[in-house]
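For ligands, and for the atoms within them, numbers begin at 1 and follow the listed sequence. Side-chain atoms are counted along with the backbone in the values below, which use heavy atoms only and exclude waters and symmetry mates.
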Amino acid sequence: MRNFKLTSKRMLSVEPSITLMITSQALDMKNAGEDVIILSAGEPDYITPEYIRKEAINAINNGFTHYTQTAGIPQLRKAIVQKLKQDNNLDYDISDIIVSTGAKQSIYNVVESTIDSGDEVIIPSPYWVSYPEMVKLSDGKPVIIKTEKNKFMLSAEELERNITERTKIVLINSPNNPTGVVYDEKTLKELSEVIVKHNLLCISDEIYEKVTYNGVKHISIASLGEDIKERTIVVNGFSKAYAMTGWRIGYAAGPKEIIQQCIKLQGHSTSCPSSIGQAAALAAISSNSPEVEEMHNTFNKRRIYLKEYLDKIDSISYVEPLGAFYYFIKVDNFYGKNGINDSVSFAKYLLEKANIAVTPGKAFGNDKYIRISYAISTKDIERAIMKFDYIIKDLSE
Ligand SMILES: Cc1ncc(COP(=O)(O)O)c(C=O)c1O
């Protein structure tokens, strides 16, 4: 009989999500009636603002329920062009834009459309959990560069040191998940010079653009000159800024040649993103709502509240997040105690002893840390602090 394997070698090379493992254990506990505080979610606790929901309902009632162009409706792509000009000082044509089923699909489209077998993609660590797996799925090679010593920012020197004949793409994510670090203009400028000098591409994941604090402004690397813009694909979306994770709308803007390939790939895999999601996204991007601003202000209040608490604990450390809604906390001082020896066992310990779900740093490529999200209610943050306090005292004895 022919040697027949049920699954492909390619899929077997891809890691399952550690994030989902802990969340799934937490949900099992919740379903069994336990009071679990979920600090591991990667999404706003708010529901989508009313003005956006209304437009989606109108779209359904008006029969806007058919396939659209694969790249998205022209009105939404036009609004994205205007947004990129207004917010980021970037000039694009509507044909340079593709709207996808979330920023996740946009990134995957770009990776799949640009790399050949064995091409290297430079990914600063800690990284968003899906980047290396997307590269592997496209038969590329993820090249991970640690950034902990440089306040979690990739430096131009480190980038240059890791470039080889096979390097094709550098992936930048600012504001960053999981660290909350926002890259400054000087660092971005230096990185752009190296990228241009070596004729590389850059994917700039800007999904947390709107979620910044202390007056820090997000800068798109693509806006730092025509030569870097020509080789950058800007990825953004609606999930985090407008509490629209379930609508699944994101987009990419970049060189026509690449966007055309992305449209081809999307056309053969998923076709257009949801028509109703696109109507909602058009409403979101077309006005500045006080509801959205209020949500971002609340994130900031929670961020400050947590900071005051975390600053009192000597045995942990973190780099102050100025974007996104996470703290990435160094907890390796507790390793070696009570059966804890890495970030996964620490997360399990917190879940089992204190009913708190956090994300192990291992999922982001750094096993000394855990990530907690403050996109949960202030009441739950207060409760989590009390429980966390108890655990820290217990482990410090
Ligand atoms: C850094 C980063 N990029 C992209 C995404 C994907 O966002 P979307 O919901 O638009 O697919 C996420 C979601 O968690 C993220 O954290």
Side-chain angles (χ1 to χ4, degrees), residues 17-20 22-23 38-48 52 72 76 80 83 97-112 121 123-135 142 147 152-154 169-183 202-212 218 220-221 233-253 262 266 269-270 273-274 277-278 280-281 284-285 299 321-328 359 361 363-366 371-376:
S17 167
I18 302 172
T19 323
L20 292 185
I22 295 285
T23 307
I38 311 261
L39 297 178
S40 53
E43 59 179 337
D45 53 318
Y46 282 75
I47 71 162
T48 308
I52 301 172
L76 178 56
I80 291 168
K83 178 257 170 247
I97 312 287
I98 177 170
V99 182
S100 308
T101 302
K104 190 177 245 178
Q105 190 188 20
S106 288
I107 302 167
Y108 187 60
N109 280 342
V110 175
V111 171
E112 187 73 77
V121 177
I123 303 174
S125 151
Y127 44 74
W128 181 48
V129 57
S130 295
Y131 298 148
E133 307 314 314
M134 286 182 181
V135 172
T147 61
F152 292 129
M153 270 189 287
L154 176 66
I169 302 178
V170 183
L171 225 160
I172 305 285
N173 170 218
S174 173
N176 185 269
N177 174 10
T179 62
V181 162
V182 184
Y183 277 59
C202 175
I203 299 178
S204 180
D205 180 350
E206 306 182 5
I207 188 88
Y208 290 97
E209 167 188 25
K210 300 275 185 205
V211 194
T212 60
H218 157 81
S220 173
I221 190 168
I233 304 94
V234 174
V235 176
N236 207 326
F238 296 82
S239 287
K240 318 289 175 173
Y242 300 98
M244 288 179 67
T245 48
W247 300 83
R248 311 306 305 127
I249 303 290
Y251 58 88
C262 293
Q266 189 163 296
S269 51
T270 58
S274 144
Q278 290 187 68
I285 205 171
F299 289 154
L322 291 173
F325 33 68
Y326 310 106
Y327 273 92
F328 199 51
T359 313
F364 311 103
N366 192 324
R371 187 195 75 176
I372 63 170
S373 163
Y374 49 88
I376 63 161

ask   = Between atom CG of Leu171 and atom OH of Tyr131, what is the distance when rounded to the nearest 0.5 Å?
value = 5.5 Å

Are any protein N/O atoms closer than 3.5 Å to the N/O atoms of ligand 1? If there are, list each pair with names and the distance to one decimal place.
{"from": "ligand 1", "atom 1": "3 (N)", "to": "Asp205", "atom 2": "OD2", "distance (Å)": "2.6"}
{"from": "ligand 1", "atom 1": "9 (O)", "to": "Ser239", "atom 2": "OG", "distance (Å)": "2.7"}
{"from": "ligand 1", "atom 1": "9 (O)", "to": "Arg248", "atom 2": "NH1", "distance (Å)": "2.8"}
{"from": "ligand 1", "atom 1": "10 (O)", "to": "Ala103", "atom 2": "N", "distance (Å)": "2.7"}
{"from": "ligand 1", "atom 1": "10 (O)", "to": "Ser239", "atom 2": "OG", "distance (Å)": "3.3"}
{"from": "ligand 1", "atom 1": "11 (O)", "to": "Ala103", "atom 2": "N", "distance (Å)": "3.2"}
{"from": "ligand 1", "atom 1": "11 (O)", "to": "Lys104", "atom 2": "N", "distance (Å)": "3.0"}
{"from": "ligand 1", "atom 1": "11 (O)", "to": "Arg248", "atom 2": "NH2", "distance (Å)": "2.8"}
{"from": "ligand 1", "atom 1": "14 (O)", "to": "Lys240", "atom 2": "NZ", "distance (Å)": "2.6"}
{"from": "ligand 1", "atom 1": "16 (O)", "to": "Trp128", "atom 2": "NE1", "distance (Å)": "3.4"}
{"from": "ligand 1", "atom 1": "16 (O)", "to": "Asn177", "atom 2": "ND2", "distance (Å)": "2.8"}
{"from": "ligand 1", "atom 1": "16 (O)", "to": "Tyr208", "atom 2": "OH", "distance (Å)": "3.1"}

remark   = Between Gly323 and Pro175, the two heavy atoms sitting closest are CA-CB, 4.0 Å

request  = Indicate the ring-plane relationship of Phe325 and Phe299, choosing parallel, tilted or perpendicular according to the 30° and 60° boundaries.
outcome  = tilted

inquiry  = Under a 3.5 Å distance rule, please check whether Tyr208 uses its side chain to pair with a backbone N or O of Gly180 as donor and acceptor.
reply    = no

key: Criterion side-chain contact (heavy atoms from CB on, under 4.5 Å) against Met153, the qualifying member of Val182, Val181, Ile172, Thr179   = Val181

query = Given side chains that start at C-beta, do those of Ile249 and Val99 come closer than 4.5 Å, heavy atoms only?
reply = yes

